[in-house]
Amino acid sequence: MNKLVMNFLVTEGYVEAAKKFRMESGTHPDIDLATITDRMAVKKAAQCGNVEDAIEKINDLNPEILDTNPQLFFQLQQQRLIELIRNGKVEEALEFAQEELAPRAEENQSFLEELERTISLLAFEDTSNCPVGELLDISQRLKTASEVNAAVLTSQSHEKDPKLPSLLKMLIWAQNKLDKKAAYPCINDLSNARLEDPTF
């Protein structure tokens with residue numbers, strides 16, 4: 001159980017909690033905790049919309065990440081275009097799209113579709129009524145930051161998703177299936193993880 005908790009803390013980037021948990025439980029992470037700080041700096045830059053800084057930090061960590069992942073690089077560049085549009089820099093956005101994104105979009109149909117969606121933001125004065133207005137939501141930044149985090153974790157030979165949430169989902173799924181077929185001791189309160197006697 002301790003390894004699952006440590007895996008969660010490391011994957012999600014909780015450095016201080018991982019250090020304290022290591023001291024209290026004696027569980028050692030399978031990754032150098034110092035690398036988490038660098039990874040979280042990249043993720044934070046992407047979450048804040050500072051894409052140029054995020055790209056620079058990714059390249060400082062491992063330049064091969066973006067070289068070997070054109071989808072991620074395009075996603076970051078798309079986010080940079082979104083930030084230019086968000087800040088009302090229309091001319092700069094058009095120039096950036098033409099010089100940086102259009103050449104990549106010519107080679108990849110999905111990139112072209114994403115570029116067209118993003119550029120269509122410029123056609124609306126009120127982006128709250130725009131059919132692709134969700135690109136300006138903070139959730140778009142978070143999505144990009146999550147992809148960046150996953151790519152950095154993968155480059156560090158660490159799994160990109162923590163195991164604990166998946167195991168909890170499997171537990172709930174299994175219990176739901178069993179509820180229909182049998183009485184069994186189950187865990188109803190996940191925070192306490194106490195088995196409760198079956199009701200007959």
Side-chain angles (χ1 to χ4, degrees), residues 1-23 25-83 96 100-101 103-115 117-118 134-173:
M1 184 56 119
N2 286 346
K3 285 193 171 276
L4 287 173
V5 172
M6 181 60 81
N7 171 271
F8 176 81
L9 295 173
V10 167
T11 304
E12 293 300 313
Y14 299 112
V15 181
E16 293 305 314
K19 286 178 183 177
K20 288 181 182 177
F21 188 71
R22 179 181 60 192
M23 288 175 22
S25 70
T27 306
H28 294 282
D30 56 357
I31 192 169
D32 180 11
L33 293 179
T35 63
I36 297 173
T37 306
D38 296 334
R39 180 169 46 89
M40 288 300 100
V42 172
K43 185 176 178 181
K44 184 176 181 180
Q47 287 173 333
C48 293
N50 192 345
V51 179
E52 294 165 354
D53 188 38
I55 290 172
E56 186 177 312
K57 288 179 185 316
I58 291 169
N59 285 330
D60 288 346
L61 279 175
N62 182 349
E64 289 183 13
I65 293 173
L66 296 177
D67 289 345
T68 59
N69 193 339
Q71 175 73 34
L72 179 64
F73 185 68
F74 183 84
Q75 200 170 356
L76 282 163
Q77 295 293 56
Q78 178 188 19
Q79 189 63 45
R80 187 171 169 197
L81 177 61
I82 291 168
E83 298 305 327
F96 179 75
E100 298 294 330
L101 294 172
R104 288 176 175 75
E106 288 176 357
E107 300 169 6
N108 185 314
Q109 183 63 33
S110 66
F111 291 177
L112 180 60
E113 290 168 9
E114 284 301 310
L115 177 58
R117 286 183 68 226
T118 307
E134 77 275 359
L135 291 174
L136 293 171
D137 289 344
I138 296 302
S139 62
Q140 177 67 26
R141 281 184 183 172
L142 298 178
K143 178 182 165 192
T144 301
S146 178
E147 292 296 324
V148 166
N149 188 49
V152 173
L153 281 166
T154 301
S155 78
Q156 295 172 340
S157 300
H158 193 279
E159 54 246 29
K160 60 183 181 177
D161 295 314
K163 294 176 184 175
L164 190 58
S166 298
L167 288 173
L168 290 174
K169 286 177 188 173
M170 282 194 291
L171 172 68
I172 292 168
W173 175 84

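What you are looking at is a predicted structure, and each value in this text was computed from that prediction instead of being measured.
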Start with the C-alpha gap between Gln140 and Leu136, add the side-chain angles, then the distance that decides, and say whether side-chain contact (heavy atoms from CB on, under 4.5 Å) holds. CA-CA 7 Å; Gln140 177 67 26; Leu136 293 171; over 6 Å; no

What heavy-atom pair brings Arg39 and Gln156 nearest, and what distance separates the two atoms? NE-OE1, 4.0 Å

Check ion pair Arg117-Glu134 (N to O, under 4.0 angstrom): yes

Minimal heavy-atom distance between Ile82 and Thr118, with the atoms involved, is CG1-CG2, 3.6 Å

Let me confirm one number: the CG-CG distance from Leu76 to Leu72, rounded to the nearest 0.5 Å. 4.5 Å

Phe74 versus Arg104, closest heavy-atom pair with distance: CD1-CB, 4.3 Å

Taking every non-hydrogen atom, the tightest pair across Ala145 and Lys43: CB-O, 3.7 Å

Do the side chain of Ser146 and the main chain of Leu142 share a donor and acceptor less than 3.5 angstrom apart? no

Using a 4.5 Å cut-off on heavy atoms from C-beta on, say whether the side chain of Thr27 contacts that of Val5. no

Rounded distance (nearest 0.5 Å) linking atom CD1 of Ile65 with atom CD1 of Ile58: 6.5 Å

Once rounded to the nearest 0.5 Å, what's the spacing between atom CD of Gln47 and atom OG1 of Thr144? 10.5 Å

Distance col, row Lys44:NZ vs Asn149:CG, nearest 0.5 angstrom, shows 14.5 Å

Find out whether Phe111 and Gln78 are in side-chain contact, i.e. whether some heavy atom of one side chain is under 4.5 Å from a heavy atom of the other. no

Close side-chain approach of Lys169 and Ile172, heavy atoms under 4.5 Å: no

Give, for atom CG of Asn50 and atom CZ of Arg141, the distance between the pair rounded to the nearest 0.5 Å. 9.5 Å

Between atom CG of Asn62 and atom OG1 of Thr68, what is the distance when rounded to the nearest 0.5 Å? 7.5 Å

Between Thr35 and Val152, is there a side-chain heavy-atom distance shorter than 4.5 Å? no

Can Leu81 and Leu115 be said to form a side-chain contact (heavy atoms from CB on, under 4.5 Å), step by step? CA-CA 9 Å; Leu81 177 61; Leu115 177 58; 3.9 Å; yes

Identify the two heavy atoms, one from Ser25 and one from Asn2, that lie closest to each other, and give their separation to 0.1 Å. CB-ND2, 3.7 Å

Name the residue from Gln75, Glu52, Glu100 that meets the side-chain hydrogen bond (donor to acceptor under 3.5 Å, both in side chains) definition with Arg80. Glu52

Which heavy atom in Ser110 sits nearest to a heavy atom in Gln71, and how many Å separate them? OG-OE1, 4.4 Å

